[in-house]
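This report concerns only the one structure given below.
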Amino acid sequence: MLSTRFVPGAPVWVDMCAPDLDSVSAFYRELFGWELQQGGPDLGGYSQFQISGRTAAGAMAMPADEAPPAWTLYFRAAEVDATVKSVEQAGGGTLYEPVDVRDLGRMAGLTDSAGVPFSVWQQGELKGLDVLNEPGGLVWTELYTPDVSAATSFYGSVFGWQTTDMTFPGGSYTMVSPAEGTEEDMFGGIAPLDSDPSEQGAYWLPYFQVDDCDDTVAKAQRSGGVVRMETVEMAGVGRFAKLADPAGARFAVLQPAPPGEEMES
């Protein structure tokens, strides 16, 4: 489960960009019940997807020739400027330099050693998302990368992430938790790129919780989305599927397993 304590290194925010927010907002409203709250000029038009006034994700209109439609994860940094230096020393890069967002916090856009984009957030008045680990909220994260060992080394040096390997027939899965957390704060996994159905390169994949995975997949298809991986059921984890919205931004949905059900190993 994602840490709601927003400790350093943990996911605290997720947002997406697309050329036409009105179109994708209708799609996400059908799937998750999100309502798009348009941002004002003081935030450059940055908008939020909300459920009953609580923020589940951010959104920004962006021409496709400037940035392809995609979801981006934000990890908490105790001090953004120092984190940028750590990223560069570990072989990553900077997409945009640290910038203050009013009194809300400070952020920077980065890439890891494999070129995967992510962002960091130093909290001010805004700690993070309001909706986590519940229907319509971020519940898990997953990195698909060509070199799992290199990725764990990179993020370990930048954030101090702890890792646990889960083996299964035919392979293994590396799970991560923040340095200051426990296994109960485990928030994501790192998997080989060739285990994902996409051929679009390495990337971070956000998972959003749903009550009924099959129903959500059907809604996605009716609403112009793409099913990238049909529903899979895993004991102790639940039912999940990988999708893309009408603009092409990739994400996944998860219907968690009932409490007490043991994970396969």
Side-chain angles (χ1 to χ4, degrees), residues 1-4 6-14 70-76 90 92 111-120 129 132-133 137-198 200-210 213 228-244 249-257 261-265:
M1 300 289 284
L2 274 71
S3 173
T4 56
F6 299 127
V7 297
V12 296
W13 195 264
V14 65
W71 281 97
T72 298
L73 284 164
Y74 291 66
F75 300 98
R76 183 183 169 190
T111 59
D112 67 18
S113 54
V116 179
F118 69 97
S119 293
V120 289
L129 296 169
L132 288 171
N133 307 321
L138 187 67
V139 67
W140 190 250
T141 67
E142 212 160 56
L143 173 66
Y144 287 91
T145 181
D147 189 332
V148 173
S149 178
T152 57
S153 176
F154 171 85
Y155 288 102
S157 67
V158 172
F159 295 119
W161 287 353
Q162 303 178 63
T163 62
T164 302
D165 288 333
M166 180 183 72
T167 58
F168 56 87
S172 65
Y173 184 74
T174 300
M175 296 181 290
V176 293
S177 55
E180 296 181 13
T182 66
E183 287 195 5
E184 294 182 355
D185 296 313
M186 199 170 285
F187 62 79
I190 303 176
L193 180 59
D194 59 12
S195 67
D196 185 74
S198 171
Q200 301 178 46
Y203 72 111
W204 273 103
L205 179 71
Y207 280 68
F208 298 101
Q209 185 170 323
V210 295
C213 186
R228 300 176 46 248
M229 187 186 79
E230 296 286 351
T231 301
V232 173
E233 184 163 4
M234 183 177 292
V237 175
R239 295 176 63 78
F240 57 93
K242 296 176 183 178
L243 308 170
R250 296 169 289 180
F251 66 100
V253 292
L254 170 65
Q255 175 187 340
E261 183 175 292
E262 293 186 2
M263 183 181 295
E264 292 181 343
S265 60

Who passes side-chain hydrogen bond (donor to acceptor under 3.5 Å, both in side chains) against W13, sequence neighbours left out? Y46

Closest contact, heavy atoms only, G201 versus R250: O-NH1, 4.0 Å

What one should report as the nearest heavy-atom pair of A151 and L143 is CB-CD2, 3.9 Å

To check you understand the geometry: which heavy-atom pair defines the closest contact between P178 and G9, and what is its length? CB-C, 4.5 Å

Among residues at least two apart in sequence or on other chains, which ones pass side chain to side chain contact (heavy atoms under 4.5 Å, CB included) with V232? M229, F240

Hey, does the side chain of Q209 reach the backbone of L254 with a donor-acceptor pair shorter than 3.5 angstrom? no

Can you name the residues that form a side-chain hydrogen bond (donor to acceptor under 3.5 Å, both in side chains) with Q255, not counting sequence neighbours? none

Taking side chain to side chain contact (heavy atoms under 4.5 Å, CB included) as the definition, give me every residue that meets it alongside S172, ordered by chain and number, with sequence neighbours left out. T167

Any side-chain heavy-atom pair from L138 and L73 closer than 4.5 angstrom? yes

Specify whether F118 and F154 have parallel, tilted or perpendicular ring planes, treating 30° as the upper limit for parallel and 60° as the lower limit for perpendicular. perpendicular

Rounding to 0.5 Å, atoms CE (M186) and CE (M166) come to a distance of 9.5 Å

Note: G189 and W204 closest approach over all heavy atoms is O-CZ3, 4.4 Å

Interatomic distance, CD@E180 vs CD@Q162, rounded to 0.5 Å, equals 10.0 Å

For side-chain contact (heavy atoms from CB on, under 4.5 Å), just list the numbers for T163 and I190, CA-CA rounded to whole Å, side-chain angles, deciding distance to a tenth of an Å, and then say yes or no. CA-CA 9 Å; T163 62; I190 303 176; 5.5 Å; no

Check T145 against A114 and note the closest heavy-atom contact, atom names and distance. OG1-CB, 4.0 Å

Return yes if some donor-acceptor pair links the side-chain N/O of S113 with the main-chain N/O of A90 below 3.5 Å, else return no. no

Could you work out, with ring-ring contact (aromatic ring centres under 6.0 Å, His included) as the rule, every residue matching F159, not counting sequence neighbours? F75, W161

Would you find a donor on one side and an acceptor on the other, under 3.5 Å apart, between the side chain of R76 and the backbone of V12? no

Mind checking ring-ring contact (aromatic ring centres under 6.0 Å, His included) for Y144 and listing every partner two or more places apart, or none if nothing turns up? Y203

Do any N or O atoms from the side chain of S153 and from the backbone of S149 form a donor-acceptor pair under 3.5 angstrom? no

Pairing residues for A252 by the side chain to side chain contact (heavy atoms under 4.5 Å, CB included) criterion, not counting sequence neighbours: L205, Y207, K242

So, using side-chain hydrogen bond (donor to acceptor under 3.5 Å, both in side chains) as the criterion, who are the partners of T174 when residues are at least two apart? D165

Side chain to side chain contact (heavy atoms under 4.5 Å, CB included) with T4: which residues, sequence neighbours excluded? L132, N133

Return the CZ to CZ distance between F251 and R228, rounded to the nearest 0.5 Å. 9.5 Å

Looking at every non-hydrogen atom in both residues, tell me the closest pair between G236 and A257 and how far apart they are. C-CB, 3.7 Å

For D112, check salt bridge (charged side-chain N to carboxylate O under 4.0 Å, His left out) against everything at least two apart and list the hits. none

